[in-house]
Protein chains: 2
Amino acid sequence: MSSTIPTLGFAILSVLARADSTGYEIAGRMRNPVARFWTASHSQIHTDLRRLLEAGLVGYTTAPGPGPQEKKIYSITAEGLDALRKWVTEPPRPQPERDELVLKTYAAWLADPAALIAMFRTALRDHEGRLAEYEAAWASVEKEAPAFGTPRFGNMAALRCGLTYERHRADWCRWMIDQLSSSLNPSWDASYPSEA
Amino acid sequence: MSSTIPTLGFAILSVLARADSTGYEIAGRMRNPVARFWTASHSQIHTDLRRLLEAGLVGYTTAPGPGPQEKKIYSITAEGLDALRKWVTEPPRPQPERDELVLKTYAAWLADPAALIAMFRTALRDHEGRLAEYEAAWASVEKEAPAFGTPRFGNMAALRCGLTYERHRADWCRWMIDQLSSSLNPSWDASYPSEA
DNA sequence: CATCACTATGTCAGTTCTTACATAGATAAG
DNA sequence: CTTATCTATGTAAGAACTGACATAGTGATG
């Protein structure tokens with residue numbers, strides 16, 4: 001084929017395979033806790049929707065919209081579903097690892113430990129917040145035990161990854177805070193009253 | 001300032017803060033296990049090095065090179081070190097989460113479980129391989145217990161993150177394989193000999 | 001002796017993505 | 001009554017990045 005579908009295209013198809021949506025709703029669904037793994041701005045989603053449309057992988061019906069343009073409710077076509085099914089089991093291409101916090105960590109030896117502690121505490125709070133969200137969602141999905149072949153199975157599987165990811169991240173942040181704290185006060189391990 | 005430094009610029013500075021390097025060497029150091037968190041192609045690194053040079057954050061000396069051009073050994077300037085130090089403790093901007101394997105997982109309910117198992121087994125092998133690398137590196141860095149203020153502290157901290165990340169990933173892949181296996185053979189939990 | 005991998009720099013076309021701009025109705029909060 | 005937020009679509013400039021091309025010496029493998 002002349003035009004290849006970018007990964008975002010498949011992310012869009014993955015959303016549409018569950019429910020017909022407007023471009024705006026697709027963006028929202030990708031920001032939702034269970035599906036927070038390929039976020040994109042609405043402008044990029046609109047661009048890629050047009051390409052999916054040209055490739056015949058999606059279609060749409062119109063409805064009156066709030067703005068000057070009509071609202072377009074997109075749905076996946078049979079060809080789109082085929083393409084998505086085929087793509088799912090293809091080996092993922094090696095991802096470029098890009099993590100700003102780890103990069104900062106790599107250069108952390110140059111900076112002020114106290115400022116670093118503050119930064120990691122903020123990161124820890126974020127991760128703990130998301131972890132709580134995921135754990136609540138997990139509790140309900142685990143009881144349900146969704147069967148393979150239903151969309152809820154996909155939710156559960158992605159959620160499981162998010163859950164253990166946030167756990168690992170929070171643990172690592174705590175470890176960093178510990179390391180940085182003991183570098184501020186090297187005699188922490190002596191732990192006897194300072195005003196004896 | 002008119003031109004902002006992209007994150008890759010700081011990744012380059014982080015490498016140069018440890019040792020003077022050619023553009024080629026920077027790319028290599030960013031591919032190295034301990035620093036696998038902001039990879040980039042050499043073409044992008046050359047582009048950003050020129051911008052860092054224009055901003056006065058790096059300098060270079062030349063030496064005879066293998067190709068038609070001279071080899072340029074870059075080093076970080078005092079201004080570059082200042083900029084890097086300042087950047088390190090600034091809160092990281094929210095990262096766009098993009099994970100192709102998790103995206104495939106979200107759509108996994110549409111595909112063939114056997115093919116998915118094969119895909120996750122491959123992913124598991126990759127993660128276990130990197131985990132073994134990281135664990136070996138960790139054993140040596142832990143004995144050393146590098147002090148804050150030395151580059152080895154940065155190595156240790158980044159390595160720690162990579163280590164627990166690969167652990168979480170490998171665990172998740174194993175969990176996925178279990179889930180998918182039991183969907184293939186739903187009576188696995190009965191576990192009595194099939195040829196009794 | 002040929003071929004391959006490694007070292008080393010650079011350009012260029014094209015893709016992907018971000019950010020800002022532009023429009024506009026409904027609904028809720030202050 | 002004003003302001004903000006949510007719904008909803010789109011354009012356009014520019015940043016960031018990929019992948020292919022181009023050049024060329026050294027050293028190792030076969």
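For the numbers below, each heavy atom of this structure counts, side chains included, while hydrogens, waters and symmetry mates do not. Numbers restart at 1 for each chain; the letters A, B, ... are given by sequence-line order, proteins then strands. All values derive from a computational prediction rather than experimental measurement.
The shortest side-chain heavy-atom distance between A:I12 and A:L8 falls under the 4.5 Å cut-off. Looking only at side-chain heavy atoms (C-beta outward), A:I76 and A:L57 stay at 4.5 Å or farther from each other. Between A:T105 and B:C161 the shortest side-chain heavy-atom distance does not fall below 4.5 Å. Contact check for B:Q179 versus A:F148: no side-chain heavy atoms found under the 4.5 Å cut-off.
In this structure, B:Y134 has no ring-ring contact (aromatic ring centres under 6.0 Å, His included) partners at least two apart in sequence or on a different chain.
Judged purely by atom type and a 3.5 angstrom limit, B:T150 has no side-chain atom pairing as donor or acceptor with the backbone of B:P146.
If you find the closest nucleotide of DNA chain C to B:K72 and to B:R98, the one lying nearer the 5' end belongs to B:K72. Comparing B:P66 and A:P66 along DNA chain D, the residue whose closest nucleotide (by nearest heavy atom) sits nearer the 5' end is A:P66.
Among B:R50, B:R51, B:H46, the one residue that satisfies the side chain to side chain contact (heavy atoms under 4.5 Å, CB included) test with B:D48 is B:R51.
Defined by atom type and a distance below 3.5 Å, a donor-acceptor pair is present between the side-chain atoms of A:S21 and A:R29.
Residue pairs meeting the salt bridge (Lys or Arg N to Asp or Glu O under 4.0 Å) criterion with at least one member in residues 122-131 of chain B, sequence neighbours excluded, are B:E128-B:R174, B:R130-B:E166. Evaluation of the salt bridge (Lys or Arg N to Asp or Glu O under 4.0 Å) test over residues 133-151 of chain B, restricted to residues two or more places apart or in two chains, returns B:R36-B:E133, B:E135-B:R167, B:E144-B:R152. Judged as a salt bridge (Lys or Arg N to Asp or Glu O under 4.0 Å), not a single pair has a partner in residues 13-23 of chain A (not counting sequence neighbours).
At the heavy-atom level, B:P68 lies under 4.0 Å from base atoms of the strands shown. Nucleic acid contact for A:R93: none, since no nucleic acid atom lies under 4.0 Å from a heavy atom of the residue. Residue contacts shown for A:R50 are limited to sugar-phosphate atoms, with no base heavy atom under 4.0 Å away.
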Donor-acceptor pairs under 3.5 Å, side chain of residues 85-97 of chain B to any protein atom, not counting sequence neighbours: which ones?
| unit_1 | atom_1 | unit_2 | atom_2 | d |
| --- | --- | --- | --- | --- |
| B:R85 | NH1 | A:L110 | O | 2.9 |

With a 3.5 Å cut-off and sequence neighbours excluded, list the donor-acceptor pairs that the side chains of residues 58-69 of chain A form with protein atoms.
none

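With a 4.5 Å cut-off between side-chain heavy atoms of Ile, Leu, Val, Met, Phe, Trp and Tyr, the cluster of A:Y165 takes in B:Y165.
The nucleotide range of DNA chain C contacted by chain B, defined by atoms under 4.0 angstrom from heavy atoms of the protein and reported 5' to 3', is C:dC6 to C:dT18. Extent of DNA chain D lying under 4.0 Å from chain B heavy atoms, first and last nucleotide in 5' to 3' order, is D:dA16 to D:dG25.
Classified by interplanar angle (parallel below 30°, tilted 30° to 60°, perpendicular above 60°), the ring pair A:W172/A:F120 is perpendicular.
Of the residues in residues 10-27 of chain A, A:T22, A:G23, A:Y24, A:E25 come within less than 4.0 Å of DNA chain D through at least one heavy atom, sorted by number. A heavy-atom distance below 4.0 Å to DNA chain D is reached by these residues of residues 33-48 of chain A, ordered by number: A:H42, A:S43, A:H46.
Taking five base pairs at each end of the helix from C:dC1-D:dG30 to C:dG30-D:dC1, the local helix axes there meet at an angle of 40°, rounded to 10°.
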